[in-house]
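The basis for the numbers below is simple: all heavy atoms, side chains too, and nothing from hydrogens, waters or symmetry mates.
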Amino acid sequence: MIDVSALARRDTFARGLGIELVEASLGRAVTRVTIEERHLNFNGVGHGGLTFTLADAAFGYACNSQGAVSGSIDAHMIYSMATRIGDVLTATAVEISRSSKASNYRIDIVRADGKLVAAMTGTALISGKPVVI
C-alpha cells in the first residue's frame with residue numbers, strides 16, 4: 001500500500017473545501033467534512049456538489065491505494081437526505097471488485113448520527129502506471 005495521506009496532502013481542491021482524509025487501507029478510504037455556510041446552496045442546505053466531492057475523494061484515495069494510477073470512468077450518486085450547517089459527513093469507500101484493468105467501489109456518506117445522506121458507486125480504470133508520491 002502507498003502513503004495515501006501524501007496523495008491527500010496534494011489534493012488542493014478537496015483540502016480547499018475542508019475535506020480531510022480520516023483513514024486509508026488497501027482498497028478502502030474514509031474522508032470527512034463539516035458543513036459550513038460556504039457549503040450551502042441557494043436553498044440553504046448542503047450543496048450536492050460538496051457531497052459528491054467528499055465521496056469522490058474517498059473513491060480516488062481508495063482506488064489509488066494499491067499503488068497503480070487509477071481514475072474514475074463512471075460514478076453514480078443517489079442522494080437520500082439534505083444536510084445542514086454543522087453536520088459532519090463521513091464518506092467510506094470500499095472496493096467491491098478488482099481486475100487488472102478496473103475496480104468497483106461502493107461509497108456511503110453518513111451524518112454523525114449514522115443516517116445515510118447519499119450513496120455512490122464508482123468504477124475506476126487502472127492504468128498500470130505506478131502512483132508517484
Side-chain angles (χ1 to χ4, degrees):
M1 185 174 119
I2 64 159
D3 181 5
V4 178
S5 62
L7 295 180
R9 285 191 297 274
R10 290 196 329 235
D11 194 344
T12 57
F13 182 68
R15 282 188 306 109
L17 291 171
I19 295 171
E20 61 180 315
L21 174 67
V22 176
E23 63 181 80
S25 56
L26 279 177
R28 183 177 185 280
V30 179
T31 55
R32 180 174 49 216
V33 71
T34 301
I35 303 295
E36 302 171 2
E37 186 172 349
R38 67 185 172 134
H39 299 133
L40 302 182
N41 68 18
F42 53 83
N43 286 321
V45 297
H47 198 291
L50 177 67
T51 305
F52 188 96
T53 302
L54 177 68
D56 190 55
F59 173 30
Y61 301 147
C63 69
N64 282 277
S65 66
Q66 298 196 37
V69 173
S70 302
S72 175
I73 57 172
D74 180 67
H76 179 77
M77 177 78 90
I78 298 171
Y79 298 90
S80 54
M81 116 180 1
T83 60
R84 311 257 185 246
I85 287 180
D87 284 348
V88 177
L89 305 183
T90 302
T92 302
V94 177
E95 187 176 273
I96 55 177
S97 68
R98 184 179 189 86
S99 72
S100 62
K101 300 197 185 270
S103 55
N104 294 291
Y105 293 80
R106 161 84 188 227
I107 305 96
D108 287 338
I109 303 91
V110 299
R111 291 189 321 203
D113 63 3
K115 297 230 183 212
L116 185 69
V117 169
M120 173 191 270
T121 56
T123 301
L125 181 65
I126 302 168
S127 73
K129 297 177 185 174
V131 173
V132 177
I133 301 297

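Between Thr121 and Asn104, the closest side-chain pair of non-hydrogen atoms is not below 4.5 Å. You'll find the side chain of Arg28 stays beyond 4.5 Å of the side chain of Tyr105, heavy atoms only. The closest side-chain heavy-atom distance from Arg84 to Val45 is below 4.5 Å.
The side chain to side chain contact (heavy atoms under 4.5 Å, CB included) search around Thr90 returns Val30, Arg32, Thr92, Val110, not counting sequence neighbours. Partners of Asp113 under the side-chain hydrogen bond (donor to acceptor under 3.5 Å, both in side chains) rule, at least two apart in sequence or in another chain, are Arg111. For the side-chain hydrogen bond (donor to acceptor under 3.5 Å, both in side chains) test, no residue two or more places apart in sequence or in another chain qualifies with Asn41.
Under the 4.5 Å side-chain heavy-atom criterion for Ile, Leu, Val, Met, Phe, Trp and Tyr, Val69 and Leu21 are members of the same hydrophobic cluster. A continuous path of ILVMFWY side-chain contacts below 4.5 Å connects Leu26 to Ile133, so both sit in one hydrophobic cluster. Under the 4.5 Å side-chain heavy-atom criterion for Ile, Leu, Val, Met, Phe, Trp and Tyr, Ile85 and Val33 are members of the same hydrophobic cluster. Hydrophobic clustering of Ile, Leu, Val, Met, Phe, Trp and Tyr side chains at less than 4.5 Å, counting indirect connections, keeps Val94 apart from Phe59. Residue Ile19 is grouped with residue Leu40 when hydrophobic side chains (ILVMFWY) are merged at heavy-atom distances under 4.5 angstrom, including chains of intermediate members.
Note that CD1 of Ile126 and OG of Ser99 are 5.5 Å apart. Values are rounded to the nearest 0.5 Å. The line from CD1 of Ile35 to CG of Leu89 is 4.0 Å long, rounded to the nearest 0.5 Å. Considering CG of Asp11 and CD of Glu20, their distance stands at 13.0 Å, rounded to 0.5 Å. One distance of note links OG of Ser5 with CD of Glu23; it measures 12.5 Å at 0.5 Å rounding. For the atom pair CG (Leu54) and CE (Met120), the distance works out to 9.0 Å, reported to the nearest 0.5 Å. Atom OG1 of residue Thr123 and atom CD1 of residue Ile96 lie 8.0 Å apart, to the nearest 0.5 angstrom.
Closest approach of Thr51 to Ala118, counting heavy atoms only: CG2-CB, 3.9 Å. Between Ala8 and Arg15, the shortest heavy-atom contact is O-CD, 3.6 Å. Of all non-hydrogen atoms in Tyr61 and Val4, the two that sit nearest each other are CB-CG1, 3.5 Å. Of all heavy-atom pairs spanning Leu116 and Ser80, the tightest one is O-OG, 2.8 Å. Across all their heavy atoms, Ala119 and Arg106 have their closest contact at CB-NH2, 3.8 Å. Heavy atoms only, all atoms of each residue included: Gly67 and Ile2 are closest at CA-CG2, 3.4 Å.
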- [ ] I would like to know whether His39 and Thr83 meet side chain to side chain contact (heavy atoms under 4.5 Å, CB included); could you show each step before the answer?
- [x] CA-CA 10 Å; His39 299 133; Thr83 60; over 6 Å; no

TODO: Given side chain to side chain contact (heavy atoms under 4.5 Å, CB included), test Met77 with Ile109 step by step and report yes or no.
DONE: CA-CA 10 Å; Met77 177 78 90; Ile109 303 91; 4.2 Å; yes

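Formation of a donor-acceptor pair under 3.5 Å by the Ser70 side chain with backbone atoms of Ala124 is not found in this model. Side chain of Asn64 to backbone of Gly60: a donor-acceptor contact under 3.5 angstrom is found.
Salt bridge annotation for Asp3-Arg9: present, with a cationic side-chain nitrogen under 4.0 angstrom from a carboxylate oxygen.
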